[in-house]
Chemist: 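Structure incoming, see below.
Nothing fancy with the numbering, it's 1 onward along the sequence.
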Amino acid sequence: MKQNIYFLLLITVIASCSDLLEEENRTKYSADYIYSTEGGLKLAVNALYNLQRNYADDDATIFALDRATDLAVTNGGTGNYFGTYDPVYIKPSSNQAGFMWRTMYLIIGKSNEIINAGEKLPQTDALKATIAEAKSFRAQSYFLLYRTFDRIWLNTEPTTWENVDNPKTYRTATTAEVFELLYQDLDYAIENLPWQSADAGRFNQAVARHMKAKAALWIKDWDEALEQVDKIDKSGYYELIDLDAIFNSADLNHKEALMVQQWSKNPGGNLSEGTPKGHHFAAFYIASYRQEIGGTSEYACTYENGGYTYGRCFPSPYLFSLYDQTKDKRYNSYYIHRYKNTTDKALPYGSVTVQPGDYFPLYKNGSKNRLVYPGCIKFADSWTREPYETRSYKDIILYRLAETYIIGAEAALMKGNQSLAKEYFNKTWERAGNDTFTGTLTIKDIIDEQARELSFEGDRWYFLKRLGILITQVTNYAGDPELSSTTLGRTNLPANPHFIRWPIPESEIINMGAENFPQNPGYN
């Protein structure tokens, strides 16, 4: 928990920043330059974008919570125990809890240094924008920590050589303190960032407003959420686009995307300065059909079926039941439902044979086959990798307008404004091909639409937790009843209700002192 000034780390990260962001000669990167000049602080902020991208390198952490909801059929691999809520493994020594905590506090620590240094320099519009980006990073990181762990330590002071060894006072921040800081940071970002950044992938005013609206839901500040949604809606910079165009490219910087994480094989656009190393999003949500075609051989993987896949997390039968499959275009646009024999050979498949060009049946010898299970294709990539490559360099949408409208629908509903709630609800509902919703909107309608539109985009676990229905939804719907090992969470979570929050990492409790910052209830 105690943080030092990692100048070497910072300089290394800066040197590898994406060519989409500003580049400078490495020889001028000194600690003095970084923290005492406007240009140096901008480079320091660039480094935060790289740290944020590096967070995606730990699959077990980045995908853990998508596996643990009512929408998922979790399917083996490292971190599967989060999907099944296995009490043997979800504990304070969990690598995933430690990785999230340490990474977010590293970003927070660097943000504090940038903010503090920037406030000491002559204030220009460019410098204020840099400080605003750092405050956006800090707000985003604290918001993630709060939603995951419930109990967090707030710190806005930079670590310097002068105070690095000073004793610190560790205590749990109150909810009021957390959201006061989030609001302050995001208000500053709203005031000092443009609606759209000149460089793709950076924080902007729309993202700050979206994050504030999202945060407002957690404290039932419906008016604040509605104000921010209204500002984004009327800004003129963003709009919903055709359903099939949202995820259908390597470059996802379109008018629906508020913020897009930039990936490429170029230096700084991936996870390695040497051989390019991308992320695993493309491989995670689509079944390992290749094992029915030819194992790991190159010819077994095809773009048509989704390329190389791991098959760790699939859409649940419950999720599919929420779509009107005769009208809702998302049922086909967001998912692959069957896999083709793309070879020129007839392939044995249990008691049948699949001819070239035919599709593999979901059932094999009377049982559902995980290797050809339906998958989510929001992250499928046929642009930046060969079909047999495991890693992808396709952009990742972090925030998009569709979620903004769903936030608005919920806030308006909670305010009792049916007209406005339906106006926002119908934005995504009608775009998908459904008839205009004209009845009385309920919270169940919002819960279901959030699932239909935003499945596997990283927020469902937090959404259900905020509404207080995570345990109920997992108990009733998680996994596939025909695959018993995928439904273990249905009994494990109710038996361990403390799993609605992650354990504070054991090493951090030791560093802070259990007498100052005790472990979350329920964990040993």
Side-chain angles (χ1 to χ4, degrees), residues 66 69-73 229 233 238-249 252 254-257 285-287 304-306 313-339 359 362 368 372-380 397 399-410 412-413 418-461 463-464 467 469 473 476-481:
D66 260 349
T69 78
D70 52 349
L71 308 184
V73 176
V229 171
D233 181 42
Y238 300 93
E239 62 185 37
L240 297 183
I241 64 173
D242 182 76
L243 200 67
D244 290 327
I246 301 172
F247 302 102
N248 198 25
S249 176
L252 299 180
H254 48 64
K255 297 202 74 173
E256 184 168 334
Y285 297 101
I286 301 175
E304 184 174 4
N305 285 334
C313 184
F314 308 135
S316 67
Y318 166 69
L319 172 57
F320 281 163
S321 75
L322 299 178
Y323 295 97
D324 180 340
Q325 297 174 20
T326 64
K327 292 183 179 180
D328 200 312
K329 295 182 291 185
R330 292 172 293 198
Y331 180 73
N332 289 309
S333 291
Y334 289 170
Y335 309 98
I336 181 171
H337 294 277
R338 56 184 186 166
Y339 303 85
Y359 292 95
L362 174 58
K368 280 188 177 178
V372 294
Y373 207 91
C376 177
I377 56 175
K378 290 180 177 181
F379 305 101
I397 299 177
Y399 305 102
R400 63 185 177 102
L401 186 62
E403 183 182 34
T404 310
Y405 286 137
I406 292 171
I407 290 171
E410 181 183 345
L413 178 65
Q418 276 282 323
S419 177
L420 183 59
K422 285 185 284 192
E423 178 183 336
Y424 285 137
F425 180 89
N426 276 316
K427 298 281 190 181
T428 56
W429 177 251
E430 289 183 19
R431 193 258 300 265
N434 298 294
D435 297 333
T436 301
F437 186 95
T438 59
T440 300
L441 198 70
T442 68
I443 191 61
K444 185 180 185 304
D445 295 317
I446 303 293
I447 293 168
D448 292 350
E449 182 65 3
Q450 198 272 354
R452 286 184 289 256
E453 182 62 39
L454 301 173
S455 61
F456 304 110
E457 294 183 48
D459 196 62
R460 182 67 173 184
W461 192 85
F463 176 81
L464 297 178
L467 293 179
I469 59 173
Q473 288 292 110
N476 290 335
Y477 305 118
D480 186 327

Chemist: Does the side chain of Ile397 come within less than 4.5 Å of His254's, by heavy atoms?
Modeler: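 Yes, at least one pair of side-chain atoms sits under 4.5 Å.
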Chemist: Could I get the full list of ring pair (Phe, Tyr, Trp, His ring centres under 6.0 Å) partners for Tyr399, not counting sequence neighbours?
Modeler: His210
Chemist: With a 4.5 Å heavy-atom cut-off, do Leu71 and Tyr318 have their side chains touching?
Modeler: yes
Chemist: So do Thr404 and Tyr238 actually touch side chain to side chain, heavy atoms under 4.5 Å?
Modeler: no
Chemist: Shortest non-hydrogen contact from Ile336 to Arg338?
Modeler: CG1-O, 3.4 Å
Chemist: Which heavy atom of Ile443 sits nearest a heavy atom of Leu413, and at what distance?
Modeler: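 Heavy atoms only, the tightest pair is N-CD2, 3.5 Å.
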Chemist: Rounded to the nearest 0.5 Å, what separation is found between the CG atom of Leu243 and the OG1 atom of Thr428?
Modeler: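 It comes to 10.0 Å.
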Chemist: Atom CG of Asp66 and atom OH of Tyr285: how far apart are they, to the nearest 0.5 Å?
Modeler: 3.5 Å
Chemist: Measuring from Leu319:CG to Thr69:OG1, what's the distance to the nearest 0.5 Å?
Modeler: 8.5 Å
Chemist: Check whether any side-chain N or O of Gln418 sits under 3.5 Å from a backbone N or O of Leu441 as a donor-acceptor pair, and report yes or no.
Modeler: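 Yes; at least one donor-acceptor contact below 3.5 Å.
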Chemist: Considering all heavy atoms of both residues, which atom of Ser316 and which atom of Gly479 are nearest to each other, and what is their separation?
Modeler: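 Shortest heavy-atom separation between Ser316 and Gly479 comes out as CB-O, 3.9 Å.
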Chemist: Can you tell me how far apart CD (Glu403) and CG (Asp459) are? Round to the nearest 0.5 Å.
Modeler: 5.0 Å
Chemist: Can a donor-acceptor pair be found between the side chains of Thr436 and Asn426 at a distance below 3.5 Å?
Modeler: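 Not at all, the side chains of Thr436 and Asn426 share no donor-acceptor pair under 3.5 Å.
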Chemist: Just by distance, no angles: are the side chains of Tyr335 and Ser455 close enough, under 3.5 Å, to form a donor-acceptor pair?
Modeler: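 There is such a pair (donor and acceptor under 3.5 Å, judged by atom type) between the side chains of Tyr335 and Ser455.
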Chemist: Show the nearest heavy-atom pair for residues Ile377 and Asn332, with the distance to one decimal.
Modeler: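 Nearest heavy atoms, Ile377 then Asn332: CD1-O, 4.3 Å.
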Chemist: Taking the cut-offs as 6.0 angstrom to the six-membered ring centre and 45 degrees off its axis, would you call Lys422 and Phe437 a cation-pi pair?
Modeler: no
Chemist: Which value, rounded to the nearest 0.5 Å, describes the distance between Tyr373 atom OH and Cys313 atom SG?
Modeler: 11.0 Å
Chemist: Taking NZ, NE, NH1 and NH2 as the nitrogens, is one of them in Arg460 or Asp70 under 4.0 Å from a carboxylate oxygen of the other?
Modeler: yes
Chemist: So, for Leu252 and Ala257, which heavy atoms are closest and what is the spacing to 0.1 Å?
Modeler: O-CB, 3.5 Å
Chemist: What I'd like to find out is whether the side chain of Glu256 reaches to under 4.5 Å of the side chain of Arg431, using heavy atoms alone.
Modeler: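 Answer yes - side chains close enough.
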Chemist: Among residues at least two apart in sequence or on other chains, which ones pass ring pair (Phe, Tyr, Trp, His ring centres under 6.0 Å) with Tyr339?
Modeler: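 Expected list: Tyr289.
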Chemist: So Phe314 and Asp480, do their side chains get closer than 4.5 Å, heavy atoms only?
Modeler: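 Side chain of Asp480 against side chain of Phe314, heavy atoms only: no contact under 4.5 Å found.
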Chemist: Measure the acute angle between the ring planes of Tyr424 and Tyr405, then classify it against the limits of 30° and 60° as parallel, tilted or perpendicular.
Modeler: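 Correct class here is parallel.
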Chemist: Test side chain to side chain donor-acceptor pair (under 3.5 Å) on Tyr477 and Ser321; report intermediate values, then the result.
Modeler: CA-CA 11 Å; Tyr477 305 118; Ser321 75; over 6 Å; no
Chemist: Rounded to the nearest 0.5 Å, how far apart are CZ of Arg452 and CG of Asp445?
Modeler: 7.5 Å
Chemist: Side chains of Arg400 and Phe247, heavy atoms from C-beta outward: is any pair under 4.5 Å?
Modeler: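 A side-chain contact exists here, since the closest heavy-atom pair is under 4.5 Å.
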Chemist: Answer whether the closest heavy-atom distance between the side chains of Glu410 and Ile406 falls below 4.5 Å.
Modeler: no
Chemist: Does Lys327 NZ have over 12 foreign heavy atoms under 6.0 Å away?
Modeler: no
Chemist: Could you tell me if the side chain of Leu420 sits less than 4.5 Å from the side chain of Glu423, heavy atoms only?
Modeler: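 Yes, side chains in contact.
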Chemist: For salt bridge (Lys or Arg N to Asp or Glu O under 4.0 Å), just list the numbers for Glu453 and Lys427, CA-CA rounded to whole Å, side-chain angles, deciding distance to a tenth of an Å, and then say yes or no.
Modeler: CA-CA 11 Å; Glu453 182 62 39; Lys427 298 281 190 181; over 6 Å; no
Chemist: Locate the shortest heavy-atom distance separating Pro315 from Cys376; write the atom from each residue and the value.
Modeler: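 Looking at all heavy atoms of both residues, the shortest contact is CD-N, 4.0 Å.
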Chemist: Between Arg330 and Glu449, does at least one N-O distance fall below 4.0 Å, as a salt bridge requires?
Modeler: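 Yes, Arg330 and Glu449 are salt-bridged.
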